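Please read the structure below before turning to the comments.
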Amino acid sequence: MEEIRLDDHQPFDLELTLCCGQTFRWSKIGDWWYGTVGDKVLKIRQAYGKLEFENASRKMVEEYFGLKDDLQEILRQIAKDQHMQRVVRTVKGLRILRQNPWECLVSYICATYKSIPAISRMLHCLCKKFGEKIFFDGYVFYTFPEAESLAKAGLADLAECGLGYRAKYVLETAKKVYSGELQVESLRLKGFKEARRELLILKGVGLKVADCVLLFSLEKLEAFPVDVWVKRALIRHYASHLDGNFIRKVASKRSPSIREYELLSSFGRNYFGKFAGYAQEYLYHFERQNFKLNLLP
DNA sequence: GTGACACCTGGTAG
DNA sequence: ACTACCAGGTGTC
């Protein structure tokens with residue numbers, strides 16, 4: 001077992017980071033968290049100001065959990081107003097993960113119009129059916145399937161995992177990645193706008209899905225995904241920064257049009273700056289938390 | 001360039 | 001048990 005000592009000035013909350021909806025495949029057994037990163041099962045827990053982990057290198061853990069981000073400085077930069085100051089005081093130690101881009105892309109294609117428990121189920125089923133089985137600590141885990149496995153799968157096989165109409169999007173994307181037509185990893189090297197343009201070519205990938213993939217796996221911390229929760233947060237707390245008619249309009253319907261999405265998202269990017277993605281995650285979590293606690297109508 | 005509307009299916013509140 | 005409704009949106013007319 002190895003450990004990483006956590007600095008008081010660089011807050012990190014493992015549980016919050018894994019449970020805030022950016023990733024769907026971690027499970028807690030006893031007081032340990034288990035998840036597959038690459039082809040290995042990572043076992044990790046947090047206690048008394050340190051992280052203890054097994055089966056992974058220190059470098060990998062730091063990389064995956066975004067421990068290299070200067071969170072204190074990031075929070076300082078995004079806390080531009082009273083609301084955000086309150087949010088960063090309340091939500092402590094949430095970090096943006098650096099997930100595998102391929103897995104992240106498929107996960108968010110699957111995530112459209114689904115609840116989080118349902119997304120977890122779908123992905124678990126995909127991994128069980130098409131991934132590699134790994135035994136670790138007396139438990140069974142599965143890796144996320146390679147593009148090749150999904151590309152060679154039939155639509156019916158994918159649909160069996162409850163993907164529904166998403167099955168054809170996943171299959172099509174898997175084929176593009178397997179053939180090399182799309183190199184997901186290489187998008188890391190491109191700028192936000194260009195990487196986003198390439199993702200948007202894919203069927204089943206709209207602005208929201210693209211922004212999630214950019215933020216959670218492609219190192220684009222300025223990406224500002226706008227889902228129903230973030231939309232609510234913006235309407236509630238940032239209406240004064242936006243046009244009144246526009247706010248009324250987006251408030252009146254469930255999902256925004258492309259233009260409306262872009263207005264909301266670019267507001268986030270411009271207002272919060274190069275770490276807008278962090279601002280988004282904090283707003284998202286705060287809004288959901290308050291909803292669960294019944295503090296919001 | 002916008003705006004309804006359907007979409008697969010599982011979870012969950014009544 | 002059974003129904004109704006909604007879900008981290010997107011593609012299509």
Side-chain angles (χ1 to χ4, degrees), chain A residues 16-26 94 96-97 99 103-126 128-129 153-173 196-217 223-236 243 245-246 248-265 268 276-292 294 296-297:
Chain A
L16 177 57
T17 300
L18 291 176
C19 296
C20 68
Q22 39 177 339
T23 184
F24 307 98
R25 250 162 52 71
W26 282 80
L94 171 57
I96 305 283
L97 296 170
Q99 302 180 51
E103 174 170 353
C104 192
L105 175 58
V106 174
S107 300
Y108 279 93
I109 289 176
C110 291
T112 68
Y113 212 57
K114 274 284 177 194
S115 63
I116 291 174
I119 301 164
S120 297
R121 264 185 52 99
M122 277 192 288
L123 296 175
H124 178 73
C125 180
L126 273 186
K128 192 167 181 180
K129 222 168 156 70
L155 264 184
D157 297 317
L158 294 174
E160 268 181 43
C161 285
L163 298 206
Y165 64 85
R166 303 161 194 83
K168 58 178 184 290
Y169 303 146
V170 168
L171 185 59
E172 208 171 301
T173 295
R196 198 186 201 209
R197 241 197 318 279
E198 284 200 37
L199 287 171
L200 288 173
I201 294 169
L202 302 166
K203 287 282 174 61
V205 178
L207 290 165
K208 154 69 170 61
V209 170
D211 282 343
C212 286
V213 177
L214 291 165
L215 178 60
F216 300 137
S217 72
F224 193 87
V226 180
D227 56 43
V228 285
W229 296 100
V230 173
K231 191 190 81 171
R232 280 174 205 151
L234 293 177
I235 291 168
R236 247 174 155 7
D243 179 73
N245 285 326
F246 170 72
R248 268 189 293 282
K249 198 160 184 184
V250 292
S252 72
K253 52 187 185 182
R254 186 179 149 68
S255 47
S257 69
I258 292 174
R259 174 198 274 279
E260 289 160 350
Y261 181 99
E262 265 306 80
L263 269 166
L264 293 168
S265 184
Y278 263 98
Q280 186 272 2
E281 272 305 280
Y282 276 69
L283 285 173
Y284 171 81
H285 181 73
F286 187 81
E287 204 66 16
R288 286 196 83 193
Q289 199 59 35
N290 283 353
F291 181 78
K292 280 187 208 157
N294 223 348
L296 295 174

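What you see is a predicted model; the values in this text were computed from it and never measured. First the proteins, then the strands, lettered A, B, ... as listed; each starts at 1.
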Is Gln22(A) close to Glu281(A) at the side-chain level, that is, under 4.5 Å between some pair of heavy atoms?
-> yes
Asp211(A) to Ser265(A) - nearest heavy-atom pair and separation | OD2-OG, 3.6 Å
Looking across every strand, which nucleic acid part, if any, lies under 4.0 Å from Cys161(A) by heavy atom: base, sugar-phosphate, or nothing?
-> nothing
Identify whether any heavy atom of Phe24(A) sits under 4.0 Å from a base atom; if not, whether one sits that close to sugar-phosphate; answer base, sugar-phosphate or nothing.
-> base
Reading nucleotides 2-9 of chain B from 5' to 3' and marking B where a protein heavy atom lies under 4.0 Å of the base, S where only the sugar-phosphate is that close, and - otherwise, the string is SS---BBB
Extract the stems that DNA chain B is part of, considering only consecutive pairing runs of at least three Watson-Crick or G-U wobble pairs, both distances under 3.5 Å.
-> B:3-7 with C:9-13, B:9-14 with C:2-7
Counting only N and O atoms by type, is there a donor-acceptor contact under 3.5 Å from the side chain of Gln280(A) to the main-chain atoms of Pro225(A)?
-> yes
Qualifying residues under ring pair (Phe, Tyr, Trp, His ring centres under 6.0 Å), relative to Tyr278(A), sequence neighbours excluded = none
Rounded to the nearest Å, what distance is computed from the CD1 atom of residue Ile109(A) to the C1' atom of nucleotide dT10(C)?
-> 11 Å
Please report, rounded to the nearest Å, how far the C1' atom of dT12(C) is from the CD1 atom of Ile258(A).
-> 11 Å
Euclidean distance for P, dT10(C) against dG11(B) (whole angstrom) | 22 Å
Hey, could you give me the OG/CG distance between Ser255(A) and Asp227(A), rounded to the nearest 0.5 Å?
-> 11.5 Å
Length of the CD-P vector between Glu160(A) and dG10(B), whole Å = 12 Å
Starting from C1' on dT10(C), measure out to OH on Tyr108(A) and report it in whole angstrom.
-> 17 Å
Does the ring center of Tyr108(A) lie less than 6.0 Å from the ring center of Phe24(A)?
-> yes
Is the shortest side-chain N to carboxylate O distance from Arg196(A) to Glu262(A) below 4.0 Å?
-> yes
Can you tell me how far P of dG11(C) sits from CZ of Arg254(A), to the nearest Å?
-> 16 Å
Identify, between Ala111(A) and Leu200(A), the residue whose nearest nucleotide on DNA chain C lies closer to the 5' end.
-> Ala111(A)
Working to the nearest 0.5 Å, report the span between CD of Glu103(A) and CG of Leu126(A).
-> 10.5 Å
Write down the distance between CD1 (Ile119(A)) and C1' (dC6(C)), rounded to a whole number of angstrom.
-> 13 Å
If you look at every strand shown and take non-hydrogen atoms under 4.0 Å, does Gln22(A) touch a base, only sugar-phosphate, or nothing?
-> base
Which of these nucleotides, dA7(C), dG10(B), dG11(C), is closest to any side-chain atom of Lys203(A)?
-> dG11(C)
Span that lies between the P atom of dA6(B) and that of dC5(C), in whole angstrom = 14 Å
Over how many whole Å does the gap from Phe291(A) atom CZ to dA7(C) atom C1' extend?
-> 12 Å
Under the 3.5 angstrom rule, does the side chain of Lys231(A) hit a backbone N or O of Val250(A) as a donor-acceptor pair?
-> yes
Between Asp227(A) (CG) and dG9(C) (C1'), how many Å, whole number?
-> 10 Å
Within a strict 4.5 Å, meaning less than it, do heavy atoms of the Leu215(A) and Phe224(A) side chains meet?
-> no
